[in-house]
Amino acid sequence: MALWLDDVLEGLGIIDAAFVATSLGGWTALDYAIRRPERVTRLALMCPGGVGRQKVGWMFKALLTRLFRRGGLRASAMAVAGLDGDRGRQALDAVVLTFTHFNPRRERLPVFPDEALRALTMHVLVIVGGRDVMFDSHQTARRVRECISHATVHLLPEVGHAVFDQAEPIAAFLRA
């Protein structure tokens with residue numbers, strides 16, 4: 001992925017950039033920042049993979065819901081993302097459409113070692129949902145606070161894996 005991102009940035013004529021990413025994209029952005037710290041000016045991550053323990057219990061419940069309940073795909077997507085039927089309807093529709101046509105990643109993401117996180121030199125913002133069923137957000141917050149002294153961490157206790165309404169805090173972080 002790092003080589004691909006190198007090609008993308010080179011093709012766009014960009015030497016360095018700030019990255020904002022979520023979930024698996026957060027893992028990818030973090031991996032890139034570790035491998036190419038000179039190319040990443042700031043890093044804003046929402047519910048990133050690769051920091052806290054990846055949970056698997058939700059997969060069994062989602063699979064059973066999907067198989068045995070009418071509208072099961074939508075219900076399982078709601079449960080995994082932490083969305084209700086009204087809030088985030090467009091995001092939920094996108095998740096359902098995605099999983100209608102693509103298989104989700106099933107293997108565990110590699111967890112970044114403490115040394116790799118400590119080596120990050122750019123400013124980092126991490127926003128996690130306290131009710132995330134995919135990643136241990138409390139462990140993510142703790143590891144980021146312990147390993148990245150110049151990181152800002154926001155743990156949103158009533159939020160699941162889908163984090164909304166954070167555009168302004170992220171924009172302020174990017175402008176700082």
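What you see is a predicted model; the values in this text were computed from it and never measured.
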Kindly indicate whether the side chain of Cys47, heavy atoms from C-beta on, has any atom under 4.5 Å from the side chain of Met134. no

Donor-acceptor pair, side chain of Trp27 and main chain of Val111, under 3.5 angstrom: no

Tell me, please, which residues at least two apart from Leu5 pass side chain to side chain contact (heavy atoms under 4.5 Å, CB included). Phe19, Thr28, Tyr32

Shortest non-hydrogen contact from Ala151 to Val144? CB-CG1, 3.6 Å

Treating His150 as the side-chain partner and Leu120 as the backbone partner, does any N or O pair qualify as donor plus acceptor under 3.5 Å? yes

Which pairs pass salt bridge (Lys or Arg N to Asp or Glu O under 4.0 Å) with one or both residues in residues 9-32, sequence neighbours excluded? Asp31-Arg35

For the atom pair CD1 (Ile148) and CG (Leu117), what is the distance rounded to the nearest 0.5 Å? 5.0 Å

Is there a donor-acceptor pair under 3.5 Å between the side chain of Gln139 and the backbone N or O of Arg53? yes

Tell me, which pairs form a side-chain hydrogen bond (donor to acceptor under 3.5 Å, both in side chains) where one or both residues lie in residues 109-120, sequence neighbours left out? Asp114-Arg143

Under 3.5 Å donor-acceptor, Thr41 side chain and Ala18 backbone: yes

Any salt bridge (Lys or Arg N to Asp or Glu O under 4.0 Å) involving residues 151-161? Give me the pairs, sequence neighbours left out, ordered by first then second residue. Arg131-Glu158

Would you say the side-chain atoms of Ser137 pair up with the backbone N or O of Gly129, donor to acceptor, closer than 3.5 Å? yes

Tell me every residue that passes side chain to side chain contact (heavy atoms under 4.5 Å, CB included) with Ala119, counting only those two or more places apart in sequence or in another chain. none

Sequence neighbours excluded - side-chain hydrogen bond (donor to acceptor under 3.5 Å, both in side chains) pairs with any residue from residues 166-176: Glu168-Arg175

Ring-ring centroid check His123 Phe173, cutoff 6.0 Å: no

Could I get the full list of side chain to side chain donor-acceptor pair (under 3.5 Å) partners for Arg42, not counting sequence neighbours? none

Just so I know, are the side chains of Leu125 and Met46 near enough to count as touching, which here means a heavy-atom distance under 4.5 Å? no

Set of salt bridge (Lys or Arg N to Asp or Glu O under 4.0 Å) partners for Arg142, sequence neighbours left out: Glu146

Begin with the C-alpha distance, continue with both residues' side-chain angles, and end with the deciding distance and a verdict on side chain to side chain contact (heavy atoms under 4.5 Å, CB included) for Ile34 and Phe112. CA-CA 9 Å; Ile34 290 167; Phe112 297 103; 3.4 Å; yes

Separation between CD of Gln54 and CG of Asp132, rounded to the nearest 0.5 Å: 10.0 Å

Restricting to side chain to side chain contact (heavy atoms under 4.5 Å, CB included), what partner residues turn up for Ile15, sequence neighbours left out? none

The test is side chain to side chain contact (heavy atoms under 4.5 Å, CB included); show your working for Arg39 and Leu9 and say whether it passes. CA-CA 9 Å; Arg39 298 205 76 172; Leu9 292 176; 3.4 Å; yes

Check whether any side-chain heavy atom of Val20 lies under 4.5 Å from a side-chain heavy atom of Leu174, and answer yes or no. yes

Do Ile170 and Ile127 have side chains that get closer than 4.5 Å, going by heavy atoms? yes

Residues in side chain to side chain donor-acceptor pair (under 3.5 Å) with Thr22, at least two apart? none

Minimum side-chain heavy-atom gap Val126-Thr140 below 4.5 Å: yes

